[in-house]
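So the structure is just underneath, and the comments pick up after that.
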There are 2 protein chains.
Amino acid sequence: MAVPPDSDAPPARGKRPKQGEPVVDRALSLLAVFSDRRRALTLSELARHADMPAPTALRLIARLVAWGALERLDDGRYVVGVRLWEVASLSPRGHGVREIALPYLEDLFEVTRHHVLLAVRDNEQAVLIERLSGKDATEVAYRVGGRAPLRTTAIGLVLLAGADQQFQETMLRKPPELEPGVAVMPEGQVRRTLSDVRRTGIAMIRRTLPSTTVSVASPVFDAQGTVVAALSIVVPDGATPPNVLAPAVRAAARAVSRNLGYKAEASADVRTHSEG
Amino acid sequence: MAVPPDSDAPPARGKRPKQGEPVVDRALSLLAVFSDRRRALTLSELARHADMPAPTALRLIARLVAWGALERLDDGRYVVGVRLWEVASLSPRGHGVREIALPYLEDLFEVTRHHVLLAVRDNEQAVLIERLSGKDATEVAYRVGGRAPLRTTAIGLVLLAGADQQFQETMLRKPPELEPGVAVMPEGQVRRTLSDVRRTGIAMIRRTLPSTTVSVASPVFDAQGTVVAALSIVVPDGATPPNVLAPAVRAAARAVSRNLGYKAEASADVRTHSEG
DNA sequence: AGGGAGCTTTCATTGGTTGGAATAGTATTG
DNA sequence: CAATACTATTCCAACCAATGAAAGCTCCCT
């Protein structure tokens with residue numbers, strides 16, 4: 001009603017003020033809206049967060065639901081579907097390593113009864129692939145499918161130490177991530193630590209939040225000798241001394257590596273002298 | 001050279017003989033090409049199986065790779081990416097139940113040292129969400145992320161018994177899936193079995209392939225009393241008698257249900273008299 | 001009953017999508 | 001070493017699927 005009578009404007013139907021993104025990207029951006037905190041979303045929430053008009057979102061969502069990437073709940077909200085999970089389970093660096101590592105993680109868990117973690121690197125972060133925790137274990141910072149920084153976690157340091165030289169330099173040049181409850185290492189110390197990790201096959205980090213814990217991590221190698229994952233254990237500070245845990249963690253990591261086709265060198269040091 | 005000289009055909013550029021499928025569907029169909037046996041694929045393999053020209057496939061794949069749904073290996077092949085796995089880990093019926101159930105699965109596994117399975121129903125099949133197996137356990141038919149029939153597995157029967165009446169009828173009217181190593185039940189027996197499963201909270205199936213095993217499964221309920229998952233144990237035939245395992249399996253399933261907000265009724269029977 | 005918010009359908013317009021053809025790269029064969 | 005076969009990538013003109021404002025719907029709250 002508030003619309004002024006036609007001055008001379010054409011029907012104005014079908015006008016597309018803003019657009020220009022490939023459809024696939026838009027569909028994927030809908031998936032990207034889901035997060036730990038947002039597991040069930042309404043159409044308007046999805047449209048808002050993916051920054052697109054409701055009809056467009058609805059059309060794309062309809063296709064995603066038809067395929068099974070999303071599922072619709074009784075209350076009309078959408079959640080990530082089992083079909084997507086099914087395809088994702090074929091991810092070599094996701095379920096792939098997990099499948100191979102799980103029995104060894106279980107052994108480690110059973111012996112120690114503390115959190116056991118498995119993670120891979122994706123870009124500038126570690127992605128948690130698996131976590132075994134007792135029903136009554138200490139609080140832990142990260143969940144499976146979540147991301148953790150590289151420089152302030154034991155698992156992250158192992159992955160960083162195993163990354164290619166160029167990537168390491170890039171990361172070291174960046175300002176360090178500020179992680180509550182973890183001491184920030186100056187660049188020099190990080191370099192020394194990374195070198196130690198490569199030599200000993202062990203990284204340790206102490207953190208005070210969300211609870212005071214010590215993490216001990218060790219690298220997992222593939223057949224080519226590349227670090228493809230990291231395995232770690234998280235214990236409450238003051239419990240078993242870390243140096244007692246280290247051999248167990250390293251043994252588990254090596255067992256997984258062997259299963260990935262890695263031929264272990266004679267000594268602990270994989271490469272006696274670091275890169276050129 | 002074998003091409004006959006221009007008769008009178010126009011440039012024929014941009015002609016599109018066959019098409020008409022939404023772009024999103026095409027992109028998703030590329031993801032669907034991946035399977036247990038096909039975890040790393042070349043461009044042409046993807047294009048062939050998804051039934052689309054190579055340039056089209058390449059363009060779509062490029063978007064999927066940019067987002068992280070796919071990753072490219074050094075040899076040029078594509079695999080499912082960690083980013084997709086990450087989003088999929090938010091699937092309530094995938095990692096969701098898993099996360100809640102895992103500690104109880106572990107308990108059950110530790111006590112029995114046999115395969116422990118967790119599955120949900122997706123349409124006409126069960127999707128395996130989790131499987132705990134010792135390093136040296138019996139051979140088992142299904143892998144995590146894989147699908148199993150409803151009528152010929154213990155886990156499937158539990159899920160079928162918990163489905164809505166209409167769906168059950170549809171499934172019962174279908175010709176039974178032929179599963180090697182499993183006896184085929186006539187329709188009447190299936191009906192009786194499903195009723196028993198609802199009453200006792202236990203389903204059992206014996207199979208002879210890939211090895212002779214007995215499976216014992218029990219339903220997991222959500223807060224609304226709906227069967228959302230099934231939990232089972234697979235033991236070599238002749239080992240622990242199944243009736244000894246049943247209480248342990250049921251207890252574990254109930255523990256998971258309780259964690260999902262299910263308020264257990266006084267007796268084993270959830271609803272004393274079946275639907276009206 | 002009225003107002004607001006979210007969901008869904010419609011439809012004229014158009015720009016992203018399309019795939020044959022050409023080119024480049026790679027492996028296999030005679 | 002040329003010839004063959006296959007795969008990957010770039011190019012681009014034609015065109016159809018995608019687009020989003022508008023309006024109708026349904027529900028909920030007041």
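Here is the naming used below: chain letters follow the sequence lines, and residue numbers restart at 1 for every chain. It should be emphasised that the depicted structure is a prediction, and the values quoted were computed from it without experimental measurement.
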d(CZ, R77(A); C1', dG6(C)) in whole Å:
14 Å
Could you pull out the protein-nucleic contacts involving nucleotides 6-9 of chain D (nitrogen or oxygen on both sides, under 3.5 Å)?
from, atom 1, to, atom 2, distance (Å)
dT7(D), O5', S44(B), OG, 3.4
dA8(D), OP1, L43(B), N, 3.1
dA8(D), OP2, S44(B), N, 2.6
dA8(D), OP2, S44(B), OG, 2.8
dT9(D), OP1, R72(B), NH1, 3.0
dT9(D), OP1, R72(B), NH2, 3.3

Okay, side chain of N123(A), backbone of Q125(A): is any donor-acceptor separation there less than 3.5 Å?
no
Are L30(A) and M52(A) side-chain neighbours, meaning at least one heavy-atom pair lies under 4.5 Å?
yes
Could you check whether any side-chain N or O of R93(B) sits under 3.5 Å from a backbone N or O of V120(B), counting only pairs where one atom can act as donor and the other as acceptor?
no
Does atom CZ of R143(A) have more than 12 heavy-atom neighbours from other groups under 6.0 Å away?
yes
Give the minimum heavy-atom separation between A119(B) and I155(B), together with the two atoms involved.
CB-CD1, 3.7 Å
L30(B) CG to dT17(C) C1', in whole Å, measures 15 Å
Within 45° cone of F167(A) ring axis and under 6.0 Å: R121(A) NZ or CZ
yes
Grab the CZ-P distance between R26(B) and dT17(C) for me, whole Å please.
12 Å
Distance check needed: dT9(C) P versus L60(A) CG, whole Å only.
15 Å
Starting from C1' on dT8(C), measure out to CD1 on I61(A) and report it in whole angstrom.
12 Å
R63(A) atom CZ is separated from dA17(D) atom C1', nearest whole Å, by 11 Å
Whole angstrom value for the distance that separates C1' of dG19(C) from CG of D51(B)
13 Å
